[in-house]
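Hydrogens, waters and symmetry mates are skipped; everything else that's a heavy atom, side chains included, is used. Every chain is numbered from 1, with letters handed out A, B, ... down the list of sequences.
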Protein chains: 2
Amino acid sequence: MNRKSRLPSTPTSDEAAAPGRFLDGAAIRHLPFFSGFDAKVCDDIARAARVKRVPTGETIFAQGAVPDSVFMVLSGRFKAVQVTPEGGEVVVRLPSAGDLIGHVSVFSDTPYPATPVAVTESLILTWTPAAFTDLMLNHPQLSLAVIRNMGTYIQEAHARLREVSTEKVERRIAHAILRLAEQAGTPVKGGVEISFAITRQDIGLMTGATLHTVSRTLSAWERQGIIDGGRQHLVLRDAKALRRISEASTAPSRSR
Amino acid sequence: MNRKSRLPSTPTSDEAAAPGRFLDGAAIRHLPFFSGFDAKVCDDIARAARVKRVPTGETIFAQGAVPDSVFMVLSGRFKAVQVTPEGGEVVVRLPSAGDLIGHVSVFSDTPYPATPVAVTESLILTWTPAAFTDLMLNHPQLSLAVIRNMGTYIQEAHARLREVSTEKVERRIAHAILRLAEQAGTPVKGGVEISFAITRQDIGLMTGATLHTVSRTLSAWERQGIIDGGRQHLVLRDAKALRRISEASTAPSRSR
DNA sequence: CGTGGAGTTGAGTAACTTCAAGGATCGTGG
DNA sequence: CCACGATCCTTGAAGTTACTCAACTCCACG
């Protein structure tokens with residue numbers, strides 16, 4: 001833990017949003033979450049927030065803790081890790097700029113269900129539950145945005161649920177890498193690079209496979225020139241081939 | 001399809017809510033979703049809704065359709081089935097009284113992601129997207145309730161995601177049955193009965209297993225007196241034993 | 001330059017699925 | 001009221017996937 005990413009941290013409006021400082025709407029208006037918002041509303045929302053820096057490898061809070069804040073990623077990226085009582089782990093999602101964190105727990109008054117770990121130097125916004133609720137009551141736009149945001153989580157979760165229960169490991173890994181490239185890929189000569197440190201273990205936790213299986217699969221793909229791997233490092237070279245694998249009707253099984 | 005459940009349909013305030021009629025708040029105030037709501041707000045919400053009857057086996061809409069309404073289950077129960085392009089199926093959730101259906105699609109303006117099939121004679125409320133949005137804008141209470149409701153979906157989805165990626169089939173089936181008994185169980189002499197018709201296939205679709213594995217597992221449990229099975233029929237006799245199985249640290253694997 | 005995290009690879013095996021076939025139960029129509 | 005078709009369920013046997021166990025390599029960092 002706490003290793004420094006070798007990749008340049010993604011700087012996003014760091015000028016306007018220094019840790020500890022209070023903000024104005026300009027610092028957040030560019031986030032997809034706030035697209036279409038009135039400038040005045042953005043101001044109100046930003047003014048109620050505090051900015052906090054989260055270095056790579058650090059957590060925002062621990063799974064099981066009693067919720068005391070709502071968070072939003074301003075820049076950087078996190079992985080939300082959920083641990084089962086028996087010690088099993090899952091990566092449930094990878095929130096990045098504009099994604100809310102902890103809101104579900106705050107509104108349903110349940111313990112935080114996962115631990116968000118920064119996989120890149122990150123900045124987050126924090127609100128007290130009371131302040132955020134006030135904002136929602138005063139700005140119905142905000143409620144709708146929260147609902148939209150939660151809707152995408154639900155669809156993502158259902159999509160992954162469907163994958164993990166109907167598809168074989170190889171295809172799940174293919175899907176996961178395509179999604180990573182899409183959500184966190186930076187174009188690079190001859191491919192798309194995943195812009196943060198990710199281990200085989202992480203991919204395993206995202207797909208419900210062991211790191212061994214992931215390693216074997218990636219090795220095979222590397223031999224075929226589809227990807228280019230390395231220590232905590234991944235470049236997608238042939239997206240078309242990977243997409244073919246992810247959709248391969250290798251499926252002799254209808255309606256599992 | 002279209003078979004009639006042998007079980008008595010659960011009648012819930014049918015007096016107040018006849019199909020086709022318009023409603024007042026009294027018809028919906030008892031739903032957990034509206035707990036804590038002002039009577040006047042309930043009136044407003046109810047008056048904007050229409051009631052519709054959905055017989056067992058019928059669907060509300062088809063997966064892939066363009067959303068044109070928001071729905072809420074007033075009484076009865078549905079199963080939301082998602083079909084993959086390759087023909088794989090998953091049951092993503094089992095909405096019952098007070099659960100919203102289709103709202104995610106309406107607010108994110110994406111096609112309905114699953115097909116809700118009534119597994120019991122049911123009544124639903126319907127709103128036009130415009131009407132529902134209006135209600136939310138005028139009654140922030142409603143927005144908060146929607147958010148809370150969506151929060152529980154997310155937590156459920158994540159819990160199942162975790163299960164299906166870290167646990168073995170037997171334990172997943174145990175969990176599924178415990179959940180069914182909790183959500184849809186009616187006490188009966190010597191156990192708890194699942195109050196709607198459910199097939200081994202359905203349980204398979206909920207747990208990511210084949211109906212064969214489900215059948216074998218249930219047969220074994222029946223021999224041990226833990227459950228009592230039958231055609232589309234299930235009685236949980238020994239919840240304690242099942243809970244033991246669902247938590248069994250048969251797990252030699254830490255951190256998969 | 002040694003230590004530990006990350007990755008690779010092989011061999012053996014358990015857990016499920018697939019394939020296959022037969023039996024039970026329900027509703028329907030003659 | 002019984003026969004028949006359609007589901008649903010059960011169970012065996014064979015096959016495969018992906019996990020477990022284990023050993024070894026490769027870096028990066030101190």
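Between B:Thr210 and C:dT17 there is a side-chain N or O to OP1 or OP2 distance below 4.0 Å. Taking only side-chain nitrogens and oxygens, A:Thr199 never comes nearer than 4.0 Å to OP1 or OP2 of C:dA6. Dashed line: the shortest gap from a side-chain N or O of B:Arg231 to OP1 or OP2 of D:dT7 is not under 4.0 Å.
Across all their heavy atoms, A:Val92 and A:Ala114 have their closest contact at CG2-CB, 4.3 Å. A:Arg172 and A:Glu163 make their closest contact through CD-O, 3.6 Å (heavy atoms, listed as atom of the first residue, atom of the second, distance). Of all non-hydrogen atoms in A:Val169 and A:Ala209, the two that sit nearest each other are CG1-CB, 3.8 Å.
With sequence neighbours left out, the side-chain contact (heavy atoms from CB on, under 4.5 Å) criterion links B:Thr110 to A:Gln155, B:Ser105, B:Ser108. With sequence neighbours left out, the ring-ring contact (aromatic ring centres under 6.0 Å, His included) criterion links B:Phe78 to no other residue. With sequence neighbours left out, A:Tyr112 forms a ring-ring contact (aromatic ring centres under 6.0 Å, His included) with A:Phe61.
Side-chain contact check for B:Arg93 versus B:Ile101: some heavy-atom pair is nearer than 4.5 Å.
Rounded to a whole Å, the NE2 atom of A:His233 is 13 Å from the P atom of C:dT8. Per the geometry, CG belonging to B:Asp228 stands 15 Å off C1' belonging to D:dC9, to the nearest Å. A straight line from CG of A:Leu218 to P of C:dA6 spans 15 Å, rounded to a whole angstrom. The distance between atom CD1 of B:Ile203 and atom C1' of D:dC9, rounded to the nearest whole Å, is 12 Å. The distance between atom CG of A:Leu205 and atom P of C:dG7, rounded to the nearest whole Å, is 12 Å. Atom NZ of B:Lys168 and atom P of C:dA14 are 11 Å apart (whole Å). For A:Gln201 and D:dT20, the CD to P distance is 12 Å, given to the nearest whole Å. Whole-Å rounding puts the B:Trp221 CH2 to D:dT10 C1' distance at 17 Å.
Using five terminal pairs a side, the axes of the helix from C:dC1-D:dG30 to C:dG30-D:dC1 at its two ends make an angle of 40°, given in steps of 10 degrees.
Less than 6.0 angstrom separates the ring centroid of B:His103 from the ring centroid of B:Tyr153.
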I'd like a list of close polar pairs between nucleotides 11-15 of chain D and the protein, N/O only, cut-off under 3.5 Å.
from   : atom 1 : to       : atom 2 : distance (Å)
D:dT11 : OP2    : B:Ser219 : OG     : 3.0
D:dT11 : O4     : B:His212 : ND1    : 3.2
D:dG12 : N7     : B:Arg216 : NH1    : 3.0
D:dG12 : O6     : B:Arg216 : NH2    : 3.3
D:dA13 : N6     : B:Arg216 : NH2    : 3.4

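Distances from the side chain of A:Gln232 to the nucleotides C:dG7, C:dT8, D:dA18 place C:dG7 closest.
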Under 3.5 Å, sequence neighbours excluded: what are the donor-acceptor pairs made by side chains of residues 180-188 of chain A?
from     : atom 1 : to       : atom 2 : distance (Å)
A:Thr186 : OG1    : A:Glu193 : O      : 3.4

